[in-house]
Amino acid sequence: MLEKGLKHISRTVVQPDNFALTMGSGDLPVLATPALVALMENAAMLAVAAELPEGATTVGAKMDMTHVRPSGEEVHAEATLVEVEGRKLTFSLVARDSADVIGEGTHIRYIVDRAKFLLKLKG
């Protein structure tokens, strides 16, 4: 059952494939903002995945985040479900490394039927 308070923590290690330099979002060997966004989305997706009806998934619709500090080590992002409005799910996000918060924000996902959603790809 989808209830406020569902949480998940996703982790990654900062390495060349998620550097800003490699991803093209910057020119430094630090965690890229797009990689941080993906980590946060992954945490939100997994926070509710086990509670969805068969055949359903969630899709990201809006991300409002701030990348406040660089990191070059292991990072973990925690997503907490803070609001459920029908199919609309709102998450609070916080990402940290061993030193401090590196990013935070809010993310909105919608519950969709997998098959119906994929049909939208066909013209």
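Bear in mind the structure is a predicted one, so any value in this text is a computation, not a measurement. For the numbers below, each heavy atom of this structure counts, side chains included, while hydrogens, waters and symmetry mates do not.
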Worksheet item: Would a 4.5 Å heavy-atom cut-off, applied to side chains only, mark M65 and L36 as touching?
Response: yes

Worksheet entry | hydrophobic_cluster_shared for M40 and M45, side chain cutoff 4.5 Å | no

Practice prompt. Considering non-hydrogen atoms only, spot the tightest contact between L21 and P29 and give its length.
Written response: CB-N, 4.5 Å

Discussion item. Nearest 0.5 Å, please: how far is CG in D97 from CG in L31?
Written reply: 9.5 Å

Discussion item. How long is the straight-line distance from OG1 of T58 back to CD1 of I108, given to the nearest 0.5 Å?
Written reply: 13.0 Å

Discussion item. Please give me the minimum heavy-atom distance between R109 and A44, naming the atom from each residue.
Written reply: CD-CB, 3.8 Å

Fill in: side chain to side chain contact (heavy atoms under 4.5 Å, CB included) between K4 and L81, worked out
CA-CA 5 Å; K4 291 180 186 180; L81 181 61; 5.5 Å; no

Worksheet item: For the hydrophobic clusters of this structure (ILVMFWY residues joined by side-chain heavy atoms under 4.5 Å, transitively), does one cluster hold both L93 and Y110?
Response: no

Worksheet item: If you round to the nearest 0.5 Å, how far is CZ of R11 from CD of E74?
Response: 6.0 Å

Worksheet item: Should V14 and V30 be regarded as members of a common hydrophobic cluster, given that ILVMFWY residues are connected when their side-chain heavy atoms come within less than 4.5 Å of each other, either directly or indirectly?
Response: no

Item to complete: Evaluate the side chain to side chain contact (heavy atoms under 4.5 Å, CB included) criterion for residues L52 and L2: first the C-alpha distance (whole Å), next the side-chain angles of each, then the deciding distance (0.1 Å), finally the verdict.
Response: CA-CA 7 Å; L52 297 174; L2 289 174; 4.1 Å; yes

Worksheet entry | Evaluation steps, side chain to side chain contact (heavy atoms under 4.5 Å, CB included), between L89 and I111 | CA-CA 8 Å; L89 307 175; I111 301 168; 3.9 Å; yes

Worksheet entry | For S10 against N42, the heavy-atom pair lying closest together | OG-OD1, 2.6 Å

Item to complete: Please name all residues satisfying side-chain contact (heavy atoms from CB on, under 4.5 Å) with P34, sequence neighbours left out, ordered by chain then number.
Response: M23, S25, A32

Worksheet item: Roughly how far, to the nearest 0.5 Å, is CZ of F91 from OG1 of T106?
Response: 11.5 Å

Discussion item. With clusters defined by side-chain heavy atoms of hydrophobic residues (ILVMFWY) lying less than 4.5 Å apart, directly or transitively, does V84 cluster with L6?
Written reply: yes

Discussion item. Donor-acceptor check, side chain of T22 to backbone of P16, threshold 3.5 angstrom: yes or no?
Written reply: yes

Worksheet, complete the sentence: side-chain hydrogen bond (donor to acceptor under 3.5 Å, both in side chains) pairs touching residues 84-94, sequence neighbours excluded, are none

Fill in: Straight-line distance of T33 OG1 to H67 NE2, nearest 0.5 Å
4.5 Å

Practice prompt. Taking all heavy atoms of A35 and all of N18, pick out the closest pair and write down the distance.
Written response: CB-CB, 3.8 Å

Practice prompt. With rounding to the nearest 0.5 Å, note down the distance linking CD in E78 to CD in E104.
Written response: 12.5 Å

Fill in: Verdict with supporting geometry, I102 and R69, side chain to side chain contact (heavy atoms under 4.5 Å, CB included)
CA-CA 5 Å; I102 67 162; R69 198 171 63 69; 3.4 Å; yes

Discussion item. With heavy-atom distances below 4.5 Å as the criterion, would you say the side chains of L28 and F19 are in contact?
Written reply: no

Worksheet item: Under 4.5 Å between side-chain heavy atoms, hopping through other hydrophobics if needed: is there a path connecting V75 to I9?
Response: no

Fill in: Pairing residues for T57 by the side-chain contact (heavy atoms from CB on, under 4.5 Å) criterion, not counting sequence neighbours
V112, R114

